[in-house]
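For ligands, and for the atoms within them, numbers begin at 1 and follow the listed sequence.
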Amino acid sequence: MKTEFISQNEINLSTLTHAGEILRCGGLVVFPTETVYGLGANALDSTAAEKIYAAKGRPSDNPLIVHIASPDDAEKYAHIGEEYKRLSKAFMPGPLTVIMPKRNCIPSTVTGGLDSVGIRCPENKIARDLIKAAGVPIAAPSANISGKPSPTSAEHVKVDLDGKVDAIIDGGECTFGLESTIVKIENGKITLLRPGAITLDMLNALFDNVEVADAVTNKLSEDARPLSPGMKYRHYAPSAPLYLLNGSDEKRIAYCSAAGEDTLLLVFDEEAELFSGHSIITIGKRGDEKSQAKRLFAALREADATNCKKILAPMPRKSGIALALYNRMIRAAAHNIIDL
Ligand code: TXA
Ligand code: MG
């Protein structure tokens, strides 16, 4: 199919109305959010949702998140309770997805056969204007081919999905760069399934019973059934093996300096000059985890475009926003850590 491309300076009421029409009629539209780009379809239309799985090459048991234009719309699609109200008041619109029991209007194709549904009201204005224009909730996973890093620019989306979707809306670079925080609410219990810009500390400030799913930091055993089906799939992994270096900056820099020619080094911006003669990719400012979050997926894509045999990167901390980085990087590294 021919993919329509709506560039940043073409975004206006008329082009968004047109994209909304495509969605309402069962087509696929890629749109920007503050986290990563989403591959959208009408969440009330099972045939449209099936097209998402086909375009991404996504296993059909991996559920899609439903995007809404206003936090109050959640009750049309899910059975909400006090906990959702508290979360939405504090963090929505924003980078948070809340999993709750689904209502019947959401087809089971969208939820990968589960009887729960993830609801997210993005902060990005283009995303919300598009959902309003569509007049229906939008099911959208990240707009990458399954297994690849999520796209944080329209260029990444084009590489993966040109010719496989009806339209791509270019909203520039995503402000956060890692996917939304996912929490599940079940019988009053709150479980963090995926860390993101809404941190565990922020959730703990609202509730005194937040649990963290094992798969957030630990390797799942082969036969484990994770709370979030997406956690069992290979994700973010570059084709060369990635190793996380666990130790002080001094030790890491010394270790990287001794690396061979076919090793690619992921280093902080201010360290670039230390590694002339080595092949490097910068991954944001040292100590500034927001800038690292914004860079990570682009850096992993750039790493894949080299023909290195091995990749070395610093191991992130596990606190605050860094937990989101840790969660993505430890999976990209298939839990390979080198203790320095
Ligand atoms: O920031 C984001 O969340 C982006 C943007 C586009 O909104 N979307 C995104 O979607 O990252 P996706 O499909 O790439 O990741 C959603 C994750 C998957 O791992 C899926 O398994 C999990 O959420 N998930 C969705 N619905 C679920 C449910 N009902 N129960 C458990 N896990 C669920
Ligand atoms: Mg994804």
Element-labelled atoms of ligand 1 that are located less than 4.0 Å from some non-hydrogen atom of [X]:
X    : answer
G38  : 6 (C)
I99  : 27 (C), 28 (C), 29 (N), 30 (N), 31 (C), 32 (N), 33 (C)
S116 : 28 (C), 29 (N), 30 (N)
L114 : 28 (C), 29 (N), 30 (N)
S180 : 1 (O), 2 (C), 3 (O)
H67  : 5 (C), 6 (C), 7 (O)
I182 : 17 (C), 23 (O)
I65  : 3 (O), 8 (N), 9 (C), 10 (O), 16 (C)

Measure the spacing between [atom1] of [X] and [atom2] of [Y] and express it to the nearest 0.5 Å.
X    : Y    : atom1 : atom2 : result
N42  : R24  : CG    : CZ    : 9.5 Å
Y84  : I119 : OH    : CD1   : 7.0 Å
L244 : N336 : CG    : CG    : 8.0 Å

Please work out whether any backbone atom (N, CA, C, O) or any side-chain heavy atom from C-beta onward of [X] is under 4.0 Å from ligand 1, and answer side chain, backbone, both or neither.
X    : value
K102 : neither
K184 : neither
R58  : side chain

Among side-chain atoms of S7 and E10, is any donor-acceptor pair under 3.5 angstrom?
yes

What's the shortest distance from [atom] to any protein heavy atom, and which residue and atom give it?
atom                    : value
atom 24 (N) of ligand 1 : P63 CG, 3.7 Å
atom 15 (O) of ligand 1 : R194 NH1, 3.1 Å
atom 22 (C) of ligand 1 : S228 OG, 3.2 Å
atom 19 (O) of ligand 1 : G230 CA, 3.2 Å
atom 21 (O) of ligand 1 : N62 OD1, 2.5 Å
atom 4 (C) of ligand 1  : V36 CG2, 3.8 Å
atom 9 (C) of ligand 1  : S142 N, 3.6 Å

If only atom types and distance count, is the side chain of H67 paired as donor or acceptor with the main-chain N or O of R120 below 3.5 Å?
no

Whether the side chain of E179 engages the backbone of V36 through a donor-acceptor N/O pair (distance < 3.5 Å, no angle test) should be reported.
no

Taking 4.0 angstrom as the limit, do [X] and [Y] come out as a salt bridge?
X    : Y    : result
E34  : K125 : no
E270 : K285 : no
D269 : R286 : no
E302 : R295 : yes

Within 45 degrees of the ring normal and closer than 6.0 Å to the centroid, is that where the cationic atom of K290 sits relative to F176?
no

Distance to the ring centre below 6.0 angstrom and angle to the axis at most 45 degrees; does that hold for K102 and Y77?
no

CG of N104: more than 12 outside heavy atoms within 6.0 angstrom?
no

For T35 and ligand 1, does the shortest N/O to N/O distance drop below 3.5 Å?
yes

Ligand 1 and Y37, any nitrogen or oxygen pair closer than 3.5 angstrom?
no

Any T111 heavy atom less than 4.0 Å to ligand 1:
no

Any idea how many protein N, O or S atoms are nearer than 2.8 Å to the Mg ion (ligand 2)?
1

Just do the side chain to side chain donor-acceptor pair (under 3.5 Å) check on H18 and E4 with the steps written out, would you?
CA-CA 11 Å; H18 167 64; E4 230 180 284; 2.9 Å; yes

Ring centroid separation for Y236 and F297, is it under 6.0 angstrom?
yes

Is there a side-chain contact (heavy atoms from CB on, under 4.5 Å) between M100 and S116? Walk through the geometry before answering.
CA-CA 5 Å; M100 297 168 281; S116 59; over 6 Å; no

